[in-house]
Structure formats: structure tokens, C-alpha cells
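Each ligand, and each atom within it, is numbered from 1 in the order the structure gives.
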Amino acid sequence: EYRMKIAIDGTAASGKGTLSENLSQELKLPRLDTGLLYRKLAFVYIKSLKLTSIKNIIDNSILKSILNDFDLNDLESEALKLDLYGNFASRIGKLDFVRKKLKIIQIEYVENMIKKKGGCILDGRDIGTEILPNADFKFYIDAPIKTRAKRRFKQLYSTNKSIEFKNILLDLKKRDINDKSRKNSPLILSKDSILIDTELLNPQQVLRKALYYIKKNK
Ligand code: C5P
């Protein structure tokens, strides 16, 4: 039986969410997809503008008031998966006050789960560096951008036949740059994390690699 904190970071569409979900089932630990927090914030913000077109300038006071009573509820909505919210999440994720507040919420979750379930798994961009610097295991999941774009295309094409590969590739490129180059908690491969390149692996193989590492080092 494992009692531990696991941090999973990585690029968009790298397979980190899939690994996180599979590890959660295998190790019977609760999992938090922290990207959903940023997506939900983006969703509520965009909705609050009442469909006036998304302006280039972000209104910090609206964001702050949304954050005032922000919590972990309603993260299951399918709508949050839309690229619109992922891309917008990446923009508001640069803001210091946004990260500070979401960090508090994540730490609360972790403390709660350690008490109740003996541990947890978080996946995102800054988990190993900022949220769980003392995690028992840190994974960094990546794959070449073309591979990730192909996966994302396959996922989205099944429900939306009008999407274009080149737009997906472009979105992912922008998101990579945003996430890696921001001043606050950028996505980085830290020295103490285990890199898994998922290009040639299926989800089961990625899971096995991670489990192998955990069992060897626990
Ligand atoms: O992982 P996902 O694509 O759902 O995340 C959406 C965006 O939220 C990311 O591109 C990133 O900018 C932001 N994010 C973050 N830190 C996290 C999780 C997500 O900045 N821990």
C-alpha cells in the first residue's frame, strides 16, 4: 500500500493527465488535475463578460472578484476541455495573484487528502517546482509537438469535423511558449524529476514505466 504525494508536470497533450488518472487508479490515491482550476477560472471569467468578444486586455478586478469565492467544485464539466478555455487559462496563468490564490486552494486539497486518503497525485505545470516541492515522486511528461498535436487532433476531430490540424499545432506551440517562458512558476524540467517521453509509448507502457520507478524507489 502506498502513502505518498506524486507530482506530474508536462506539456499540453503530452499524456500527463492520462498517466495521472492511471496512477490514481493503480495506487488508489485521489487525483487533482490542476489545469482544470485554471480552465474553470477562464470559463467563469469569459462567461462573466456575457459574450462580449474576448478582449485583449484582461480585467484584473473581475478576475479577483471571481477568485474571492473560487473553489474545487464543478471541475467535471465537459465544456472546460475546449481549447478556448485551455488557451485562455494559459494567459491568465501568468498573473501572480491568480497563481497565489490557486496555490492556496491546491495546498488545502493536498493537506486534506493526506489526512483523509494518505496522499494524492497532482498534475499540471508547476507541481514539482511550486506546489509539491517535497513530493515523493516527480514526473515530467513530454512528447514532440507534432505527436501531441496529432493526439489532440484525433481527440477533437471525433466531435468536431471542422477543426484543422494546423490550428491545433499552432495553439500548442503558443501554449508551450507561454507556459515555459512566463516569469511565475514556468514549466521546467527540474533536476529531481523523472522524464518520460511518451512519443512511442501507449498509456499502459507509460504507466508501467512510472510504476516501475515508484516501486524501485519507494
Ligand atoms: O493542463 P491543461 O491544458 O488543462 O492546462 C491549461 C493551462 O493552465 C495550461 O496551459 C497552463 O497555462 C495553465 N496551468 C498552469 N499551472 C498548472 C496547470 C495549468 O499554469 N499547474
**OP:** Return the residue, atom name and 0.1 Å-rounded distance of the protein heavy atom closest to atom 8 (O) of ligand 1.
**Re:** Y38 CB, 3.5 Å

**OP:** Among all protein heavy atoms, pick out the one at the shortest distance from atom 4 (O) of ligand 1; state its residue, atom name and that distance to 0.1 Å.
**Re:** R39 NE, 2.5 Å

Original post:
Between K16 and D9, is there a salt bridge with N-O shorter than 4.0 Å?
Top reply: no

Subject >> Which residue and heavy atom of the protein sit nearest atom 11 (C) of ligand 1, plus the separation >> reply: D179 OD1, 3.4 Å

Original post:
Cation over ring, K40 on F70, under 6.0 Å and within 45°?
Top reply: yes

Original post:
With a 4.0 Å cut-off on heavy atoms, is N178 touching ligand 1?
Top reply: no

Original post:
Is it the case that more than 12 heavy atoms not belonging to K154 sit under 6.0 Å from its NZ atom?
Top reply: no

Original post:
Is G93 in contact with ligand 1, taking contact as a heavy-atom separation below 4.0 Å?
Top reply: no

Subject >> Identity and separation of the nearest protein heavy atom to atom 7 (C) of ligand 1 >> reply: A89 CB, 3.7 Å

Original post:
Could you give the distance from NZ (K94) to CG (N184), rounded to the nearest 0.5 Å?
Top reply: 10.5 Å

Original post:
Polar-atom distance check: D123 versus ligand 1, any N or O pair below 3.5 Å?
Top reply: no

**OP:** Check whether any heavy atom of R99 sits under 4.0 Å from an atom of ligand 1.
**Re:** yes

Original post:
Regarding K101 and the six-membered ring of F97, is the cationic atom NZ or CZ under 6.0 Å from the ring centre and inside 45° of its axis?
Top reply: no

Subject >> ligand 1-proximal atoms of R182, by part, heavy-atom distance under 4.0 Å >> reply: side chain

Original post:
Going by heavy atoms, is K16 under 4.0 Å from ligand 1?
Top reply: yes

**OP:** Considering only non-hydrogen protein atoms, determine which one is nearest to atom 1 (O) of ligand 1 and report residue, atom name and distance to 0.1 Å.
**Re:** R125 NH1, 2.9 Å

Subject >> Residue part near ligand 1, for S90, under 4.0 Å between non-hydrogen atoms >> reply: both

